[in-house]
Amino acid sequence: MHAQTAADQDVPTVKLLIDGQFIESSTTQWRDVINPATQQVLARVPLATQQEIDAAVAAAQNAFKSWRKTPIGARARIFLRLQQLIRENMAELAALLTAEQGKTLPDAEGDVFRGLEVVEHAAAVGNLQLGELANNVANGVDTYTLLQPLGVCAGITPFNFPAMIPLWMFPMAIATGNTFVLKPSEQDPMVTMRLCELALEAGIPPGVLNVVHGGEAAVNALCDHPAIKAISFVGSTKVGTHVYHRASLTGKRVQCMMGAKNHAVVLPDANKEQTLNAIIGAAFGAAGQRCMALPVVILVGQAQQWVPELVAKARTLKVNAGTQPDTDLGPLISRAARERVEALIERGIAEGATLELDGRNPAVPGYENGNFVGPTIFSGVKPGMAIYDIEIFGPVLSLIGADTLDEAMALINANPNGNGTAIFTQSGAAARRFQEDIDVGQVGINVPIPVPVPLFSFTGSRASKLGDLGPYGKQVILFYTQTKTVTARWFDEDSAGGLNTTISLK
Ligand code: NAD
């Protein structure tokens, strides 16, 4: 982090978005946005001041007065335009995302596309934000509900999906009639800002969408701000738990989608080729930096004999800059992340796991400064080892053997995390038992990364989620609205009146 003014520097600065204007921060605290494949400084991002955060919230508060009354169709049409603009700018968005985040260009397009699906869903908000009505609950009395927007809502997002996760948040919040303050990851805020530019171009009025930058201090300021009514957070369990508690103290609605340690179970009757390919893709794609990655695989019975083939497939993956064609995995987000992952590999060796494939220090010609770690596989992994207990968030796959499906399920249910899981089998009965008894939010059956499409909502069990309602999908309509229940009676000329001191409706 630097204590310097942005004007001194030769690289572009990331702007704040306040009341419809992209403005230069007046902070003295800046952080470099670094290309993880080259270490080139792409931009400097400000750590916004308290006054700037207050100004963003004030703009959102002011905009809410008219936005909440803007007709549903007018709100929804903005998201129809936004989805078109995102499609038209897909290549540019993906290139920006790869430059600052590191993932491959096709995977960057996937990141944008999974967010685009939520924008499409936001355009259908009229079908979703419907109340209920019961006719004649008493004589001449109807009861109905209004789902009204809350006011100013805020979103805090992680580095690993800088397009998809901001798009999980602001489109649904705004389409339901709220105004929004977004705090993107300070590690890769540029593609998020480009999406916000497109959102303004699509017609989001000034103050309805605002962006502030920063880290811990900015997040705490949002948690504490009395005018913010709800916070949606996606990131690590440690930070999410803090956000949940701190923001709840000021009466906010909070939803936190958090860390993971996803296990796959492979039964010996699984389709071997499909299963091994699925596991390799899910363990090592995006260099393992997905909350729905599969860093732990439990091989049941005879499937334990598949280790050499799994390792052979992992060896074929190409580690390179995300911009290079045919790259399978790009760099980790930062030098610090690379060092952390390498240190965890060291611990795995020291704690007695068998290193089947060592991805440390891969040769990447032309990108010698990149934060690369290649596919790494351990077998003989057990609970109690750091590589099992800690979310590595890198391309490190831990293999565990089990004799039965029950043993595998007991291990998964004993893990503190419950984000995603998958079973590979041709047995419907085994898959159904797994689906019934596993305590994990997202369950894949022969699907390695079962991230729900926006007809549904993302979820999570145990340490992977706090808050009742999920992001996007139908659930988020309830998160971003307050239910108001109206009980109404209208008198006509000849209605008979009578005094009633009881609670009953007559
Ligand atoms: P992170 O928790 O470090 O950061 C998330 C956000 O919190 C960022 O905006 C960051 O600026 C802010 N932050 C960081 N430290 C803070 C602190 N001490 N106090 C207050 N705010 C702070 O997460 P990350 O490293 O950016 O992302 C990776 C993590 O996110 C992994 O744990 C991954 O599993 C999780 N994740 C979860 C989901 C999900 O849907 N469950 C999706 C994506 C990522």
Side-chain angles (χ1 to χ4, degrees), residues 1 14 29 31 33 36 45-48 53 100-103 111 114-115 118 154-169 181-189 192 211-224 231-247 254-262 286-296 332-334 336-337 340-341 390-394 415-421 440-442 449-452 456-467 470-473 475-476:
M1 202 181 302
V14 182
Q29 299 288 306
R31 191 185 194 284
V33 180
V45 60
L47 307 194
I53 293 168
E100 63 178 344
Q101 203 278 345
K103 64 180 70 173
D111 188 330
R114 294 305 309 255
V118 181
I156 299 160
T157 56
F159 80 84
N160 65 330
F161 281 98
M164 177 183 82
I165 293 177
L167 291 175
W168 279 6
M169 296 181 182
V181 179
L182 178 66
K183 206 298 291 169
S185 171
E186 68 278 33
Q187 298 195 77
D188 49 11
T192 316
V211 186
V212 296
H213 298 289
E216 184 174 354
V219 167
N220 287 340
L222 294 175
C223 290
D224 294 346
I231 292 193
S232 183
F233 171 92
V234 180
S236 63
T237 300
K238 181 164 169 266
V239 177
T241 305
H242 163 77
V243 165
Y244 189 82
H245 291 143
R246 187 153 176 159
V254 197
Q255 56 170 210
C256 297
M257 274 53 67
M258 306 187 290
K261 191 79 179 181
N262 306 319
Q289 299 172 114
R290 291 179 181 140
C291 70
M292 288 291 283
L294 277 183
V296 183
L332 294 169
I333 184 70
S334 64
R340 184 179 160 279
V341 170
I390 295 173
E391 180 181 27
I392 299 177
F393 227 54
N415 191 281
N417 300 284
N419 202 46
T421 187
V440 174
Q442 273 75 222
I449 307 185
V451 176
F456 298 86
S457 188
F458 202 87
T459 177
S461 293
R462 299 176 280 146
S464 295
K465 182 163 180 280
L466 283 169
Y472 69 85
Q475 289 189 12
V476 90

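Order of appearance sets the numbers: ligands from 1, and atoms from 1 within every ligand.
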> Does any N or O atom in I165 lie less than 3.5 angstrom from one in ligand 1, N or O only?
Replying inline: no

> Where is the tightest heavy-atom contact between G394 and L332, given as atom of each residue plus distance?
Replying inline: CA-CD2, 4.0 Å

>> Can you check atom 41 (N) of ligand 1: any protein non-hydrogen atom closer than 4.0 Å?
In response: yes

> Listed by chain and number, what are the side chain to side chain contact (heavy atoms under 4.5 Å, CB included) partners of C291, not counting sequence neighbours?
Replying inline: N419, F458

> Looking only at heavy atoms, which two atoms of P189 and V45 are closest? And how far apart?
Replying inline: CG-CG2, 3.8 Å

> With a cut-off of 4.0 Å, which atoms of ligand 1 are near a heavy atom of N160?
Replying inline: 43 (C), 44 (C)

> Considering C291, P471, G235, which one's heavy-atom position lies nearest to atom 30 (O) of ligand 1?
Replying inline: G235

> Hey, is the main chain of P471 close enough, under 3.5 Å, to the side chain of S457 for a donor-acceptor pair?
Replying inline: yes

> Which of the listed options, M258, M164, R246, holds the heavy atom that is closest to atom 37 (C) of ligand 1?
Replying inline: M258

> Between F393 and ligand 1, which part of the residue brings a heavy atom under 4.0 Å of the ligand: side chain, backbone, both or neither?
Replying inline: side chain

>> Which residues pass the salt bridge (charged side-chain N to carboxylate O under 4.0 Å, His left out) test with K103, not counting sequence neighbours?
In response: D111

> By number and element, which atoms of ligand 1 are closer than 4.0 Å to a non-hydrogen atom of F458?
Replying inline: 39 (C), 40 (O), 41 (N)

> What residue and atom, counting heavy atoms only, is the protein's closest point to atom 19 (N) of ligand 1, and at what distance?
Replying inline: E216 CG, 3.3 Å

> Among protein heavy atoms, which lies nearest atom 8 (C) of ligand 1, and at what distance?
Replying inline: T157 O, 3.3 Å

> Taking heavy atoms and a distance under 4.0 Å, where does R290 meet ligand 1: side chain, backbone, both or neither?
Replying inline: neither

>> Quick check against the 3.5 Å criterion: does Q475 have a side-chain atom that pairs as donor or acceptor with the backbone of G470?
In response: yes

> Closest approach of P46 and H213, non-hydrogen atoms and distance?
Replying inline: O-CB, 3.1 Å

>> Show me which atoms of ligand 1 lie under 4.0 Å from any heavy atom of I156.
In response: 6 (C), 7 (O), 9 (O)

> Can you list the ligand 1 atoms lying under 4.0 Å from a non-hydrogen atom of W168?
Replying inline: 40 (O)

> Which residue and non-hydrogen atom of the protein lie closest to atom 10 (C) of ligand 1, and at what distance in Å?
Replying inline: E186 OE1, 3.5 Å

> Do H245 side-chain atoms and T241 backbone N/O form a donor-acceptor pair below 3.5 Å?
Replying inline: yes

> For atom 1 (P) of ligand 1, which of A337, A217, S236 has the closest heavy atom?
Replying inline: S236

>> I need the nearest protein heavy-atom contact for atom 34 (O) of ligand 1: residue, atom name and distance, please.
In response: E391 OE2, 2.6 Å

> Would you call M292 and P450 a side-chain contact if the rule is heavy atoms closer than 4.5 Å?
Replying inline: yes

> Any N or O on Q187 sitting closer than 3.5 Å to an N or O of ligand 1?
Replying inline: no

> Nearest to atom 13 (N) of ligand 1 by heavy atom, V239, V451, N220, N419: which?
Replying inline: V239

>> Nearest non-hydrogen contact with atom 27 (O) of ligand 1 belongs to which option: G215, P158, P189?
In response: P158

> For ligand 1, is there an N or O atom under 3.5 Å from any N or O atom of K183?
Replying inline: yes

> Between K183 (side chain) and G214 (backbone), is there a donor-acceptor pair under 3.5 Å?
Replying inline: yes

>> Quick test: of every protein heavy atom, which one is nearest to atom 26 (O) of ligand 1, and how far off is it to 0.1 Å?
In response: F159 N, 3.0 Å

>> Applying the side chain to side chain contact (heavy atoms under 4.5 Å, CB included) criterion to T157, which one of D188, T192, L182 satisfies it?
In response: L182

> What's the shortest distance from atom 12 (C) of ligand 1 to any protein heavy atom, and which residue and atom give it?
Replying inline: V219 CG2, 3.9 Å

